[in-house]
Amino acid sequence: MSPVPAPKPNAFPDPAMGEPFLLTPGPLTTALSVKEAMLRDWGSWDGDFRAMTKSMCDQLVALAGDTSGEFVCVPMQGSGSYCVEAMLGTFVPRDGKVLVLANGAYGLRAAETMRYLGRAYTLIDKGDYMPPRGDEVGAALDADPEITHVIAIHCETSSGILNPVAEIAEAVAARGRKLLIDSMSAFGAIDLDVNRIRYEAMVSSANKCIEGVPGFGFVIARRSELEGCRGNAHSLSLDVFAQWANLEKTGQWRYTPPTHVVAAFLEALRIHTEEGGVAGRGARYAHNRDVMVAGMRALGFETLLKDRWLSPIIVTFFCPADPNFVFQRFYELMKDKGFIIYPGKLTVVESFRVGCIGRMDEAVMTRVVAAAAEALAELGVASAAPPAAALAERAKLAA
Ligand SMILES: *Cc1c(COP(=O)(O)O)cnc(C)c1O
């Protein structure tokens, strides 16, 4: 049997199958061939599966732009948060100190992870969405020489903001500190090329922009950095160094790997390559966003973020001021029409989110907007314009 699933048509899902599109940041809508790749069983110790793991890791390192063998990829079982915890626990020495950059739920989760790890950290909390900027990161590092590492969130999925990781990376590198990146919802669609952005390690997972199914994540790290991480980890199963050492020695994961999920992921990677890699994937998502945002704005909806900060991953919209708009009702109506949207996560005003990632194209996004128009009519909402408080909130963010 060939270790890599045979190429199949990269089918977009057929809405006639009755499966709603997931306009969410993952798990997301996957290609039929990705699901079909899970229809056989693999022995985790067998040479075929070891070859699949190797092929996957080689492809992921290439996606990060490394051609010199300076970087390695270590897959880790579990959802994305397990892998963030594994990265922090493995790369930050026990006497290290982390600067956590937060502007939403995932940044705060990284801080909470540090608290669980019992390791020193300090937090820059920018609230619901304001981006952490390079100059303030630099100032924080200058003020505290004990900080050894910085953790940044690439796309903060809770608002959909694309954080300025390039300027953060410059500020960190200029001061000789180390950068760890949670690129969970960005890697594969937004450039994180090691030749352009300096970092020691980043983490992402199977079920976001590569469009696989959930079950594992992966750390891509500078080999020289990982080599120095023996004994740092707080947890046996979350030790990235030990997982890497075992992979190097035996080609196997420690403990049961999600074999079917890896098979599906290889098919997802094949489609990703066929689509033109990071640039091609990013272009489709950006187009999805542009079509969807233009349509929603034409209905009167307003985005939380000004265009400059909008990621092609997920977009936050303010809920309309009209008292006839009830999010739960809107959600159910959208679901009846075949689209699962996502509640918002802002603390100040009511909002909801619409994802642009997954096996969806312009035609699907046009239907999303038509469904939203119908849902508004059914609710008796005349205008989708947000309350004045929402627009005042948005005015705080620079263009
Ligand atoms: C999805 C995501 C995670 C991980 O979430 P899980 O639910 O554990 O998979 C972490 N960070 C960001 C920015 C994410 O988008």
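Heavy-atom basis, side chains included; hydrogens, waters and symmetry copies ignored. Order of appearance sets the numbers: ligands from 1, and atoms from 1 within every ligand.
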- Message: Per the side-chain hydrogen bond (donor to acceptor under 3.5 Å, both in side chains) rule, what does the pair list look like for residues 316-331, sequence neighbours excluded?
- Response: Gln328-Glu332

- Note on the structure: Smallest heavy-atom separation, Arg367 atom then Phe21 atom, equals NH2-CE1, 3.8 Å

- Query: Do NZ/NE/NH1/NH2 and the carboxylate oxygens of Lys337 and Glu374 come within less than 4.0 Å?
  - Reply: yes

- Looking at Lys35 and Glu211, does any basic side-chain N land under 4.0 Å from a carboxylate oxygen? no

Can I get a per-line list of side-chain donor-acceptor pairs under 3.5 Å for residues 95-110, giving both atom names and the distance, sequence neighbours left out?
unit_1	atom_1	unit_2	atom_2	d
Lys97	NZ	Asp144	OD2	2.7
Asn103	OD1	Asn163	ND2	3.0
Asn103	ND2	Tyr129	O	3.3
Asn103	ND2	Met130	O	3.3
Asn103	ND2	Asn163	OD1	2.8
Arg109	NH1	Ser81	OG	2.7

Check ligand 1 for N or O atoms under 3.5 Å from a protein N or O and list each pair with its distance.
unit_1	atom_1	unit_2	atom_2	d
ligand 1	8 (O)	Ser79	OG	2.5
ligand 1	8 (O)	Gly80	N	3.4
ligand 1	8 (O)	Ser81	N	2.8
ligand 1	8 (O)	Ser81	OG	2.6
ligand 1	9 (O)	Gly80	N	3.0
ligand 1	11 (N)	Asp182	OD1	3.3
ligand 1	11 (N)	Asp182	OD2	2.6
ligand 1	15 (O)	Thr157	OG1	2.4
ligand 1	15 (O)	Lys208	NZ	2.7

- Note on the structure: With sequence neighbours left out, the residues meeting salt bridge (charged side-chain N to carboxylate O under 4.0 Å, His left out) with Glu136 are Lys126

